[in-house]
Number of protein chains: 2
Amino acid sequence: MKKTYSIKEVADYFQLPISTIRYYDKKGLLPFVSKNAAGYRVFSKSDFGFIKTICCLKDTGMPIRDIRTYINLCMQGTTSIQQRGELLQQHKTNVLKQQQVLHDNLKEITTKIQRYASDDSVNIIKSQIKFVKNEKKVLNLEDPFK
Amino acid sequence: MKKTYSIKEVADYFQLPISTIRYYDKKGLLPFVSKNAAGYRVFSKSDFGFIKTICCLKDTGMPIRDIRTYINLCMQGTTSIQQRGELLQQHKTNVLKQQQVLHDNLKEITTKIQRYASDDSVNIIKSQIKFVKNEKKVLNLEDPFK
DNA sequence: TTAAACCCTAAACTATGGTTCATAGCAAAC
DNA sequence: GTTTGCTATGAACCATAGTTTAGGGTTTAA
């Protein structure tokens with residue numbers, strides 16, 4: 001039964017470059033990681049939980065410095081529970097906003113795709129181009145179409 | 001009835017800094033924008049539609065160079081309809097992936113928030129800390145909690 | 001006709017999130 | 001015992017997406 005993990009094993013597990021893990025460590029995101037006598041980072045299984053959380057926050061757009069704040073709160077024990085909750089709650093509203101933006105934009109993209117895929121796409125686009133050309137002409141502006 | 005728009009009006013409408021619009025122009029995202037005798041950018045109403053699309057693609061994480069590619073396809077008229085559709089279809093799968101990731105991570109964040117907000121949060125965290133401390137001790141690693 | 005409020009460009013600068021390189025120590029296998 | 005592969009550090013480097021600055025022209029309204 002294996003008990004500790006090298007930086008490479010962690011990198012493989014999380015599909016992260018080793019250089020990124022070192023970078024995160026340098027930025028103070030991994031205060032829970034020990035080093036052995038040779039200076040090698042030694043990871044334990046519980047470190048994986050922290051790193052999973054780091055990835056979760058990173059993948060939802062939290063800046064490195066805020067992740068560091070959160071991790072440091074975690075290292076302070078039970079006294080920081082309320083602060084941690086507030087920090088994550090704030091982040092959650094950001095994520096919800098991202099979801100909304102993504103949803104709305106996806107709708108727009110889908111609409112365009114459908115238009116391009118329609119039987120009548122050429123005529124639709126032609127009439128759009130005609131409209132733009134006419135507007136530009138009326139305003140005495142350059143025609144952007146080649 | 002107003003017919004043309006200054007860079008400031010466009011910036012206000014899209015809530016973008018003027019410098020960003022100039023930057024996009026420099027990067028080739030705004031080939032449809034004309035300039036007057038004084039060298040000022042002159043926007044027409046139809047330009048707003050293009051810029052809205054640019055914002056949509058940007059807000060869903062498309063890199064500037066790909067947005068430029070798309071806009072350039074648009075400027076080529078009806079011959080590029082298929083390519084435009086393919087480009088957007090590819091992007092749509094990216095957006096769907098982003099949605100999935102966001103959804104999964106949101107769930108994780110929500111779980112943590114609930115844990116922190118629970119009546120029993122202190123005991124839950126205490127037992128987590130105990131587990132980590134014990135694991136580190138068994139492995140002869142440093143205790144990360146202060 | 002002049003001040004305030006615009007607009008322009010080029011180039012330097014910033015921030016973020018890494019990656020690469022040079023140099024070197026450690027470890028496992030052969 | 002030496003080669004191969006892993007690890008380390010610090011510093012330089014890179015990409016992306018802008019922002020700021022310097023220097024200068026234009027427009028508008030009093």
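Convention: sequence-line order gives letters A, B, ...; per-chain numbering from 1.
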Exactly one of Val138(B), Val132(B), Asn134(B) clears side-chain contact (heavy atoms from CB on, under 4.5 Å) with Lys136(B), and that residue is Val132(B)

Nearest-Å distance, [atom1] ([X]) to [atom2] ([N])?
X	N	atom1	atom2	result
Lys27(B)	dA10(C)	NZ	C1'	14 Å
Leu57(A)	dT16(C)	CG	C1'	17 Å
Met62(A)	dG17(C)	CE	P	12 Å
Tyr23(A)	dT16(C)	OH	P	9 Å
Asp25(A)	dG17(C)	CG	P	16 Å
Arg22(A)	dT19(C)	CZ	P	12 Å

Compare side-chain N and O positions of Arg41(B) against OP1 and OP2 of dC8(C) and report whether any pair is under 4.0 Å apart. yes

Between Ser6(B) and dC7(C), is there a contact of a side-chain N or O with OP1 or OP2 at under 4.0 Å? yes

Angle between terminal axes - the helix from dT1(C)-dA30(D) to dC30(C)-dG1(D), 5 pairs each end, rounded to 10°: 0°

Set out, line by line, the N/O atom pairs under 3.5 Å between protein and nucleotides 25-29 of chain C.
from	atom 1	to	atom 2	distance (Å)
dG25(C)	N2	Tyr40(A)	OH	2.4
dC26(C)	O4'	Tyr40(A)	OH	3.4

Using chain B heavy atoms and a threshold of under 4.0 Å, write down where along DNA chain D the contacts begin and end, 5' to 3'. dT16(D) to dT27(D)

So, taking the atom named OH in Tyr23(A) and the one named CG in Leu16(A), what distance separates them when rounded to the nearest 0.5 Å? 13.0 Å

Minimum heavy-atom distance Ile129(B)-Thr78(A), with the two atoms named: CD1-N, 4.2 Å

Non-neighbouring partners of [X] that pass side chain to side chain donor-acceptor pair (under 3.5 Å), sequence neighbours left out:
X	result
Asn140(A)	none
Asp120(B)	Asn123(B)
Ser80(A)	Arg84(A)

Audit row: Ser34(B), Glu142(A), side-chain hydrogen bond (donor to acceptor under 3.5 Å, both in side chains) steps and yes/no: CA-CA 6 Å; Ser34(B) 301; Glu142(A) 226 181 296; 5.0 Å; no

Do Phe43(A) and Phe48(A) make the cut of ring centroids closer than 6.0 angstrom? no

With a non-hydrogen cut-off below 4.0 angstrom, is Lys58(A) in contact with a base, only sugar-phosphate, or nothing? sugar-phosphate

Would you indicate what Ser19(A) reaches in the nucleic acid, counting non-hydrogen atoms under 4.0 angstrom: base, sugar-phosphate, or nothing? base

Test side-chain hydrogen bond (donor to acceptor under 3.5 Å, both in side chains) applied to Asp104(A) and Gln100(A), step by step: CA-CA 6 Å; Asp104(A) 294 349; Gln100(A) 183 63 49; 3.0 Å; yes

Within a radius of less than 6.0 Å around CD of Glu86(A), do more than 12 heavy atoms belonging to other residues, nucleotides or ligands occur? yes

Does atom CD of Gln76(A) have more than 12 heavy-atom neighbours, drawn from other residues, nucleotides or ligands, at distances under 6.0 Å? yes

Closest nucleotide of DNA chain D for Lys8(A) versus for Tyr24(B): which of these residues is on the 5' side? Lys8(A)

Quick check on DNA chain D: between Lys26(A) and Phe43(A), whose nearest nucleotide comes earlier from the 5' end? Phe43(A)

Arg41(A) and Asp25(A) ion-paired at < 4.0 Å: yes

